[in-house]
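Right, one structure below, let's go through it.
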Amino acid sequence: MGVGGPARFFVEAADEATVVEAARWAEARSLPLRVLGGGSNIVVADDGVEALVVHVALRGVSSRDAGGAVEVTAAAGEPWDPLVERAVVGGWAGLECLSGIPGLVGATPMQNVGAYGQEVSQTVTAVRVLDRRSGAIATLPAADCGFGYRTSRFKSGEADRFIVLAVTYRLVPDGAPTIRYADLEKDLAARGISRPSLRDVRTSVLAIRRSKSMVLDPADDNRRSCGSFFLNPIVDATRLAEVERAAGDASVPRWPEAGGRTKLSAAWLIERAGFRRGEGPGPVTLSSRHSLAIVCHDGARAADVTAFAAEIRARVEARFGVRLVLEPVLWGRRPGEL
Ligand SMILES: Cc1cc2nc3c(=O)[nH]c(=O)nc-3n(C[C@H](O)[C@H](O)[C@H](O)COP(=O)(O)OP(=O)(O)OC[C@H]3O[C@@H](n4cnc5c(N)ncnc54)[C@H](O)[C@@H]3O)c2cc1C
């Protein structure tokens, strides 16, 4: 987002020994430790972070055959999209819909990164971590990662306990692409493609994302965002009925979830609460192409971002009784409202 202040202490960790040493150094001084990947999903407070910030710069990718599948292990500091491209070019299915998501490999298990019908939890088999509690390096099988919609054990259950060092994804050689998302189907159909390859799907996903300012493009006025600022809320039947009543509209967009619950569109709720794309209080606005993204412009401060987010959340809650949950992580001192 291009806002926020400095780290009190900062280290770039290009090998695992440096990560371990950094964790010990912070522990010995009773300092909080924060892990920085690409920084695409973090809002740093204007007066910075009173912590040791460890930038994970571990590199390296390897792959091996595994009983008809291919297992790709990437170090946490590997940029995500080139890994997706490598899988697509190799004909390995499983990551193609996750094309164009900014950031590094190590962050993908944090919020179980997902888009266009895929989530990393569908392919992650193991996550290599430094367990800050024991000081040991361990490999957690996917079943121990607590993956859910935009969450995991790393983000909510035991935030701050683990530093991700590497992630292993199990992909399908010569596998068919995942096409579960209406926009994706439409784009492929518009291009006259009836039997899409992994490359076709990647091309479509990138085009759709670009049209919504959801790729990092230096020439895009909406480029200073952290993607979606709020999660799509999942509600029970009673709350759904209240939302329908408040909206005066039974056609509230929705997707069925497990246990009779329903996922709603945060973007729809925000628009119905009176916010418009491209508008906002001066240096921060909603993206002109996506009402879930808050965008910074010249002169924006982190406090402007959090104040606008708080206003959106309060108005959606007042109108629909639904309290939106933030997707990005806030670092440093928080203003009272968020
Ligand atoms: C334009 C745009 C579009 C986006 N679209 C999507 C999307 O479609 N789907 C989606 O899921 N997300 C999306 N995002 C959000 C973001 O790209 C992802 O969450 C991404 O995985 C963040 O990666 P990062 O390396 O930048 O993480 P950072 O922003 O650096 O960190 C995010 C969180 O993960 C923690 N973390 C990072 N690396 C590690 C590590 N190695 N070990 C432990 N903790 C770590 C950080 O401490 C922080 O809490 C989008 C963001 C932008 C800007």
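Remember, it's a predicted structure, so these values are computed and weren't measured experimentally. Just so you know, ligand 1 is whichever comes first in the structure, and atom 1 is the first atom listed for that ligand.
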Report summary line: Ranked by distance from atom 21 (O) of ligand 1, the top protein heavy atom is Val113 CG2, 3.2 Å
Requested in this report: Identify whether the distance between the nearest side-chain nitrogen and carboxylate oxygen of Arg315 and Glu311 falls below 4.0 Å.
Outcome: yes
Report task. Specify the protein heavy atom at minimum distance from atom 52 (C) of ligand 1: its residue, its atom name, and the distance to 0.1 Å. Result -> Gly227 N, 3.3 Å
Query raised in the report: With a cut-off of under 6.0 Å to the ring centre and 45° to the axis, is Arg132 in cation-pi contact with Phe162?
Result: no
**Report entry** Nearest neighbour in protein (non-hydrogen) for atom 39 (C) of ligand 1
**Finding:** Val35 CG1, 3.5 Å
Query raised in the report: What are the two closest non-hydrogen atoms of Arg150 and Val113, and how far apart are they?
Result: NH1-C, 4.2 Å
Requested in this report: Measure Gln111 to ligand 1 on non-hydrogen atoms and call it side chain, backbone, both or neither using the 4.0 Å cut-off.
Outcome: side chain
Query - ligand 1-proximal atoms of Ile42, by part, heavy-atom distance under 4.0 Å - result: both
Query raised in the report: Does the Arg319 side chain pair with the main chain of Arg272, one donor and one acceptor, at a distance under 3.5 Å?
Result: yes
Report task. Report yes or no: does Glu119 have a heavy atom closer than 4.0 Å to ligand 1? Result -> no
Requested in this report: May I ask whether Phe162 places a heavy atom under 4.0 Å from ligand 1?
Outcome: yes
Requested in this report: List the closest protein heavy-atom neighbour of atom 6 (C) of ligand 1: residue, atom name, distance to the nearest 0.1 Å.
Outcome: Arg209 NH2, 3.6 Å
Report summary line: In this structure, atom 37 (C) of ligand 1 is nearest to the protein heavy atom Ala107 CB, 3.7 Å
Query raised in the report: Using the benzene-type ring in the case of Trp, are the ring centres of Phe230 and Trp268 under 6.0 Å apart?
Result: no
Report summary line: Residues Ser225 and Gly227: closest non-hydrogen pair is OG-N, 2.9 Å
**Report entry** Over all atoms of both residues, closest heavy-atom pair of Pro173 and Gly68
**Finding:** CD-O, 3.3 Å
Query - ligand 1-proximal atoms of Lys155, by part, heavy-atom distance under 4.0 Å - result: neither
Report task. Just let me know how Leu104 lines up against ligand 1, side chain, backbone, both or neither, with a heavy-atom cut-off below 4.0 Å. Result -> both
**Report entry** Option whose closest heavy atom lies nearest to atom 13 (C) of ligand 1, chosen from Asp160, Leu130, Ile101, Asp217
**Finding:** Ile101
Query raised in the report: Would a distance-only check, ignoring hydrogens and angles, find a side-chain to backbone donor-acceptor pair under 3.5 Å from Trp80 to Leu98?
Result: yes
Requested in this report: Assess Phe229 for proximity to ligand 1: is some non-hydrogen atom of it under 4.0 Å away?
Outcome: no
Query - Any Arg223 heavy atom less than 4.0 Å to ligand 1 - result: no
Query raised in the report: Between Ala13, Ala293, Ser40, Ser287, which one has a non-hydrogen atom sitting closest to atom 16 (C) of ligand 1?
Result: Ser40
Requested in this report: Look at atom 50 (C) of ligand 1 and find which of Pro109, Gly106, Pro102 reaches it with the closest heavy atom.
Outcome: Pro102
**Report entry** Test log, rule salt bridge (charged side-chain N to carboxylate O under 4.0 Å, His left out), inputs Glu16 and Arg128
**Finding:** CA-CA 11 Å; Glu16 292 189 352; Arg128 182 175 163 85; 2.7 Å; yes
Requested in this report: Would you mind telling me if ligand 1 is within reach of the side chain of Ala115, the backbone, both or neither, using heavy atoms under 4.0 Å?
Outcome: side chain
Requested in this report: State yes or no: are the ring centers of Trp92 and Tyr169 separated by less than 6.0 Å?
Outcome: no
Requested in this report: Please answer whether the main-chain N or O of Ser287 pairs with a side-chain N or O of Arg289 as donor and acceptor at a distance below 3.5 Å.
Outcome: no
Query - Test item: Glu119 side-chain N/O and Gly117 main-chain N/O as donor-acceptor pair under 3.5 Å - result: no
Query raised in the report: Nearest to atom 9 (N) of ligand 1, what protein heavy atom do you find, and at what distance?
Result: Gly114 O, 2.7 Å
Query raised in the report: Given Arg153 and Asp144, is the salt bridge (charged side-chain N to carboxylate O under 4.0 Å, His left out) satisfied, shown in steps?
Result: CA-CA 8 Å; Arg153 176 181 184 185; Asp144 288 352; 5.1 Å; no
Requested in this report: Decide whether an N or O pair under 3.5 Å exists between Gly38 and ligand 1.
Outcome: yes
Requested in this report: Look at atom 28 (P) of ligand 1 and say which protein heavy atom is nearest, naming residue and atom and giving the distance to 0.1 Å.
Outcome: Gly39 N, 3.5 Å
Report task. Check Met110 against ligand 1 and report side chain, backbone, both or neither, counting heavy atoms closer than 4.0 Å. Result -> side chain
Report task. Name the closest protein heavy atom to atom 29 (O) of ligand 1, giving the residue it belongs to and the distance to 0.1 Å. Result -> Asn41 N, 2.7 Å
